[in-house]
Amino acid sequence: MPDFSNMAIAAAFDELGDLYELDGAVVHRVLAYRNAARSIREAPVSVAELARQGRITELPGVGRTIEEKTLALLETGTIPAAEKLRARFPAGLIEMTRLPGLGPKRARMLYDELGIDSLDELREAAQAQRLRTVRGLGPKFERNVLDALEAGLGEAPAPRVLLPRALGLGEQIRDALRAHPAAVRVELAGGVRRLSDSVKDLDVVAAAEDPGALAAALAEVDVIESASSAGPNAARGRTHNGMAVDLRVVEPGQFGNLWQHFTGSARHNVALRELAVRRGLHVSEYGILDDATGETLRCADEAAVYERLGMAWIPPELREDRGELQAAAEGRLPQRLVELEDLRGDLHMHTTASDGRNSIEQMAQAALARGYEYVAITDHSATHGFGNHVTADQLRAQIEAVREVNARIDGIEVLIGTETNILPDGSPDYDDDLLAELDWVVGSVHTAFGMGEAEMTARLVAACEHPWIDCIGHPTGRKIEQRPPYALNVDRLVEAAARTGTMIEINSAPDRRDLNDVHARAARDAGVRIVVSSDAHGAGTLPNVRWGIATARRAWLTREDVANTLPWAQFAPLRKRACRG
DNA sequence: GCCGTTTTCGGCCCGACTGTTTTCAGTCG
């Protein structure tokens, strides 16, 4: 039996949580399954292997019961409890709970009392006004169900928006509101502030002397198609391209509480509040209530919120309940996360020699203008598969061309490299002799994505063991919101990279950000040198490193953890080829 | 179901809105 990926194991426990919820289990038991699922999904190591080694309970939120169920899943391909519950609750019930206002309790009532177990039956029953015969449901509920079905909700969850687009929209809204006379302060919160891979909506928070006036102003913002009041000091709207926007406004004295609350993540906030309760404090968006005095502390800034809870202010990128609260309480947060300005070079970019839009010279000049001290030109190799391949002879010519540009342009080291395809057997696309002539070699997978996990892992481990591959590019092949990573045991790759001195890239293309935050953190912890690269296909996308830096920050990386923050003289000897004596 | 510098049992965040109620359950973020 092929091994279960972390994603697959996590999905099994999410489903089990849904099923237990329909079964009427206490909410904390359901949450326990969802917690475990999240923990498994995010684990930087193979959870199947962990389980076989008897170590799965090392994951937070995984105890004896979930260990047993995981082992059953690995051995038999299914979890017995899930089988039993599936027999009792048709899959359509879980689908029904995707509709707004229709949760597990109501889905269960509709099933028990009216036998409804699909969206189609739900629609028919609503049209026939039969839903109102269930106690607690009325005509409004029927109307809402029909509207939601009409709007196509329930078909599929709304797509999430990649960070750059969401951030761009958010900044426009923020800036427009800042121009309003009532505004004292306007900031982005939520996933865009945490620089997540993608977000489902935009959260904007503000302070104003007259909160209601500013909340009402959301409807006037250019990018907003429509907005309506959502309480006295709040508004909810939608952009012209369909993104949901939530605005909350308070008086300046409690802005810190509001910003902290709406920045999240939900997990971070839950963990923060649980910790607070143990100290007799209750945290909400309005303040911190002290049991002992009955007083509520309101904070104008976020640092005061964290300070009252006995911890340092936590950078938003770290607020994912991944150990940041304990670190903040113990003074163990990273002193200073890596910043865009720390980068001194970019080691992955393309030119017209393959599928880029600009020449070597144009890329070099653009890099110089960004203040870089070095760049590597890394065009695709011969089996790239998109027709823009660089043959060995063409690469030899490219070596000369890059050397010529390098000799001509002052102030920047222009290096000749390649992004060689890693063939299915793990070998690169050019002969060793040719690779040895280059300054820098990135090895990436661009073909044969469908291999099994064992083969794909062996392929990338072999690439790490190759003497002339300096760095692995976009190691998991994921495209955010588009395609999952190929089957790969990332911890094996990280192990091999650490052992061989192969660097690993955080590819900054906004739909890649690969390695992701969790894996990049694990790679750093394993002693792997991380490189943040643009993978630019034109001068205009060199600034994409911003998104790679965002991922590096979410991975807790400091300047010291990112190799291309070093000047070339210090970076060059770290390359595998330079270590070969 | 998980978890523990107050606990191996008894807890497990906080607030708001909605629609249906006659005091509140369910849902959502």
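Just the heavy atoms: all of them, side chains too, but no hydrogens, waters or symmetry mates, feed the values below. We name chains A, B, ... by the order of the sequence lines, and we start the count at 1 in each one. The shown structure was predicted, so the numbers you read here are calculated from the model rather than taken from an experiment.
Taking 4.0 angstrom as the limit, A:His28 places none of its side-chain polar atoms (N or O) nearer than this to OP1 or OP2 of B:dG1.
Of the inter-residue distances, the one linking A:Ile79 atom CD1 with A:Leu71 atom CG reads 10.5 Å to the nearest 0.5 angstrom.
When heavy atoms are screened at a 4.0 angstrom cut-off, A:His261 is found touching no nucleic acid atom at all. Residue A:Leu99 is classed as a sugar-phosphate contact, given heavy-atom separations below 4.0 Å to backbone atoms only. Counting any heavy atom pair closer than 4.0 Å across all strands shown, A:Asn144 reaches sugar-phosphate atoms only and no base atom. A:Gly231 comes within 4.0 angstrom of the backbone, heavy atoms only, and of no base. Backbone-only engagement by A:Arg106 is indicated by non-hydrogen atom pairs under 4.0 Å involving sugar-phosphate atoms exclusively. Among the protein residues, A:Ile66 comes within range of the sugar-phosphate backbone only, with heavy atoms under 4.0 Å from sugar or phosphate atoms but none that close to a base.
The pairing partner recorded for B:dT8 is none, the criterion being a Watson-Crick or G-U wobble arrangement whose two distances lie under 3.5 angstrom.
With a 6.0 Å cutoff to the six-membered ring centre and a 45° limit on the axis angle, A:Arg29 counts as a cation-pi contact of A:Tyr20. Taking the ring axis of A:Trp259 as reference, the NZ or CZ atom of A:Arg193 stays within 45° of it and closer than 6.0 Å to the ring centre.
Distance noted for atom P between B:dT21 and B:dA16: 24 Å (whole Å). Nucleotides B:dG1 and B:dT5 place their P atoms 23 Å apart, quoted to the nearest Å. With C1' as the reference atom, B:dG11 and B:dT6 are 13 Å apart, rounded to whole Å. Using atom C1' as the reference point in both B:dC12 and B:dC17, the two lie 24 Å apart (nearest Å). When the P atom is used for both B:dG10 and B:dG15, the distance is 26 Å, rounded to whole Å. Separating the C1' atom of B:dG26 from that of B:dT20 is a span of 11 Å, rounded to the nearest Å. Rounded to the nearest Å, the gap between the P atom of B:dC13 and that of B:dT23 is 28 Å.
Under the 4.0 Å criterion applied to side-chain N and carboxylate O atoms, A:Asp18 and A:Arg34 are assigned as salt-bridge partners. With salt bridges taken as basic N to acidic carboxylate O contacts below 4.0 Å, none links A:Arg267 and A:Asp321. Using a cutoff of 4.0 Å between basic side-chain nitrogens and carboxylate oxygens, A:Glu113 and A:Arg135 are not scored as salt-bridged. Between A:Arg160 and A:Asp197 there is no salt bridge, since no side-chain nitrogen of the basic residue lies less than 4.0 Å from a carboxylate oxygen of the acidic one.
The A:Pro232 side chain lies nearest to B:dC17 when the options are B:dG1, B:dC28, B:dC17. For A:Arg236, taking side-chain heavy atoms from C-beta onward, the closest of the listed nucleotides B:dG29, B:dC12, B:dC2 is B:dG29. Taking the side chain of A:Ser284 as heavy atoms from C-beta on, and the options B:dG1, B:dG15, B:dT20, the nearest nucleotide is B:dG15. Among the nucleotides B:dC2, B:dG29, B:dC13, the one closest to the side chain of A:Val277 is B:dC13. With B:dC17, B:dG1, B:dG15 as the candidates, the nucleotide lying closest to the side chain of A:Glu285 is B:dG15. The side chain of A:Lys105 has B:dT27 as its nearest neighbour among B:dT20, B:dT27, B:dC12. Candidate nucleotides B:dG1, B:dT27, B:dC13 were compared by shortest atom distance to the side chain of A:Tyr33, and B:dG1 ranks first. Each of B:dA16, B:dT27, B:dG1 was ranked by its minimum atom distance to the side chain of A:Arg29; first place goes to B:dG1. Picking from B:dG26, B:dG19, B:dG1 the nucleotide with the shortest atom distance to the side chain of A:Tyr20 gives B:dG1.
Toward the 5′ end of DNA chain B lies the nearest nucleotide of A:Val30, the other residue of the pair A:Val30 and A:Gly136 mapping further downstream. Nearer the 5' end of DNA chain B, as judged by each residue's closest nucleotide, is the contact made by A:Arg278, out of A:Arg278 and A:Lys140.
Here B:dC2 presents its P atom at 15 Å from CD of A:Glu274, a figure rounded to the nearest Å. Whole-Å rounding puts the A:Gln254 CD to B:dG15 P distance at 12 Å. Atoms CG (A:Asn269) and C1' (B:dA16) sit 16 Å apart, rounded to a whole Å. Between the P atom of B:dC13 and the CG atom of A:Leu31 lies a distance of 9 Å, rounded to the nearest Å. To the nearest angstrom, C1' of B:dT5 lies 12 Å from CZ of A:Arg279. Between A:Phe13 atom CZ and B:dC2 atom C1' the separation is 13 Å, expressed in whole Å. For the pair A:Asp18 CG and B:dT27 P, the interatomic distance rounds to 13 Å; values are reported in whole Å. Taking atom CG on A:Leu137 and atom C1' on B:dT27, their separation rounds to 12 Å, with Å as the unit.
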